[in-house]
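Here's the structure, in structure tokens; my notes come after.
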Amino acid sequence: MIANGEANTGAGSTIAPGRNQRSQKPLVQTLKSLPSRIRLVHVVVAIGVASVFIAYVSVAPPTDLPNWPLYRLNSRVWQTFEHWGQHVKPHHVRIITMALQHIESRALYILSYFEIPDIINKAGEPLSCHEIKSRVDKKFGSEPVNLPFLCRVLHAAAHFDLLREAGEDKYSLTPLSEYLVSSHPRSLKEFVKLYSGDEALIVSTALSRSMFSGLSGFKETFREELAEYLPKDEQLREIFSLGLTDFSRLHAPAIIADYPSFSSCHHICDIGGGVGSFIYDLLNYYSFDIKGTNFDLPHVIDTGRSFMAKRGASNKIALVPGNFTEKLPKFGCDCYIMKDILQNWSDEDAALILRNLHSVMDSGHRLLLIETIMHIGSYSEERLKSLLDLTMMSFHPSHSRLRTEEELFFLLQQSGYSDPQTYPTRASYSIIETFPIPS
Ligand SMILES: C[S@@+](CC[C@H](N)C(=O)[O-])C[C@H]1O[C@@H](n2cnc3c(N)ncnc32)[C@H](O)[C@@H]1O
């Protein structure tokens with residue numbers, strides 16, 4: 001049981017006698033009671049920090065793709081604050097917060113699942129809990145949601161910065177929850193439904209058993225690996241493809257902008273491109289002046305057909321079903337992309353996939369590995385990558401993992417590729433460009 005108020009009071013919950021009394025003195029008197037040198041330093045430092053902060057915030061609002069200098073400055077500032085913030089927080093508060101983090105994630109999921117940000121956005125004005133309930137019930141039909149529970153979740157979401165309390169029992173969106181609105185150009189609603197969803201929670205729960213068996217949380221739960229299970233479960237397949245599409249669309253602008261040499265490709269193949277979200281964004285950026293092919297497993301390509309049809313791109317991107325662990329067809333591309341692929345495979349299988357691709361590439365063709373690379377980022381980036389790494393442990397076979405740059409270079413060298421060069425991007429991805437050594 002957590003004692004009342006424990007999480008908020010911090011390490012100093014046993015308040016020293018006289019502390020409240022002192023804080024009630026007028027400010028001037030308090031300042032006077034300090035040595036004069038410290039007072040001056042405090043005032044000067046406080047004014048300095050406040051002005052720098054105000055100047056920074058006013059020139060550097062968080063945009064989706066700031067230019068490189070601003071991106072570096074922004075990253076440095078928020079990462080430093082996050083790092084320091086973690087160390088200033090009392091240790092027991094950090095532990096309690098970590099232990100309860102999945103509840104915050106559930107609140108995020110409930111908002112997305114019941115499309116509450118969409119409902120508020122559509123209303124165009126703050127809505128009360130009652131109003132939200134009646135709209136949710138209308139939308140989801142069969143069983144009405146429990147009003148007191150819904151109100152408690154909304155109230156909690158306001159404390160998580162996911163909603164803003166706008167007057168008496170009314171809620172509006174915040175900059176965070178705008179990313180949960182379906183029509184937001186970089187909406188993360190489906191990503192949340194995948195990674196905070198019931199399946200994600202169940203497979204991560206199984207991780208405690210995985211610690212003994214060495215099997216993925218998914219295999220512990222469903223008795224099969226994700227790749228074997230997905231073709232049979234249409235609903236989960238849909239959740240996966242929509243969630244991954246959100247993630248891909250979020251990062252695509254930075255990846256595309258930070259590797260301008262895409263422009264010298266004539267025909268790009270995305271190998272394991274999922275439903276084709278990335279290659280669609282890439283070719284759309286180049287006004288479809290570059291030819292494109294998307295290659296994936298047959299059931300994924302089936303979903304890809306409706307993805308392309310919805311965007312009017314059915315005739316613009318060739319969709320090729322197949323299996324990259326087997327002999328590949330001659331695609332006729334001069335540039336090949338593999339985004340988020342090798343991470344799911346053991347070194348042996350990753351080398352097999354790379355060699356299969358090598359056998360259909362000609363000299364001068366280019367392979368671009370778009371990967372999240374371990375150990376080349378800051379504290380915050382590595383923290384996020386560790387979360388992704390453990391998520392992979394839940395969903396993917398035990399050999400799947402994020403690799404370091406050296407490990408990826410070694411794999412490429414073993415599989416017949418040369419001259420690897422890494423390009424950073426303003427996303428959590430790097431691009432490794434490499435060329436096949438003629439065999
Ligand atoms: C993590 S997803 C990455 C999807 C996409 N590249 C992206 O970045 O959004 C891995 C992709 O590899 C595909 N895949 C897995 N095994 C495959 C195989 N044997 N042959 C072809 N594609 C495969 C999956 O269907 C999935 O679309």
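Whatever order the structure lists ligands and atoms in, that order sets their numbers, starting from 1. Basis for what follows: all heavy atoms, side chains included, without hydrogens, waters or symmetry-related copies.
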Subject >> Identity of the nearest option to atom 4 (C) of ligand 1, non-hydrogen atoms only, from Gly272, Ser248, Ser241, Pro321 >> reply: Gly272

Original post:
If you count the atoms of ligand 1 from 1 in the order shown, which ones are under 4.0 Å from a heavy atom of Ile341?
Top reply: 10 (C), 11 (C), 12 (O)

Original post:
Heavy-atom contacts under 4.0 Å between Val300 and ligand 1: side chain, backbone, both, or neither?
Top reply: side chain

Original post:
Between Lys170 and Glu125, is the closest basic N to carboxylate O distance under 4.0 Å?
Top reply: no

Original post:
What are the atoms of ligand 1, with element, lying closer than 4.0 Å to any heavy atom of Asn323?
Top reply: 18 (C), 19 (N), 20 (N)

**OP:** Before accepting this row, confirm whether a basic side-chain N of the pair Lys133/Asp137 lies closer than 4.0 Å to the acidic partner's carboxylate O.
**Re:** yes

Subject >> Among Leu297, Asp296, Ile279, Asn344, closest by any non-hydrogen atom to atom 25 (O) of ligand 1 >> reply: Asp296

Subject >> Residue Trp345 vicinity, atoms of ligand 1 by number, heavy atom under 4.0 Å >> reply: 16 (N)

**OP:** Answer with yes or no whether the side chains of Tyr71 and Asn67 bring together a donor and an acceptor at under 3.5 Å.
**Re:** no

Subject >> Thr245, portion touching ligand 1 at heavy-atom distance under 4.0 Å >> reply: neither

**OP:** Answer with yes or no whether Gly273 contacts ligand 1, where contact means a heavy atom under 4.0 Å from a ligand atom.
**Re:** yes

**OP:** Indicate yes or no: does Asp362 engage Lys330 in a salt bridge with an N to O separation below 4.0 Å.
**Re:** yes

Original post:
Charged N to carboxylate O under 4.0 angstrom, Arg401 versus Glu407?
Top reply: yes

**OP:** Before accepting this row, confirm whether a basic side-chain N of the pair Lys232/Glu224 lies closer than 4.0 Å to the acidic partner's carboxylate O.
**Re:** yes

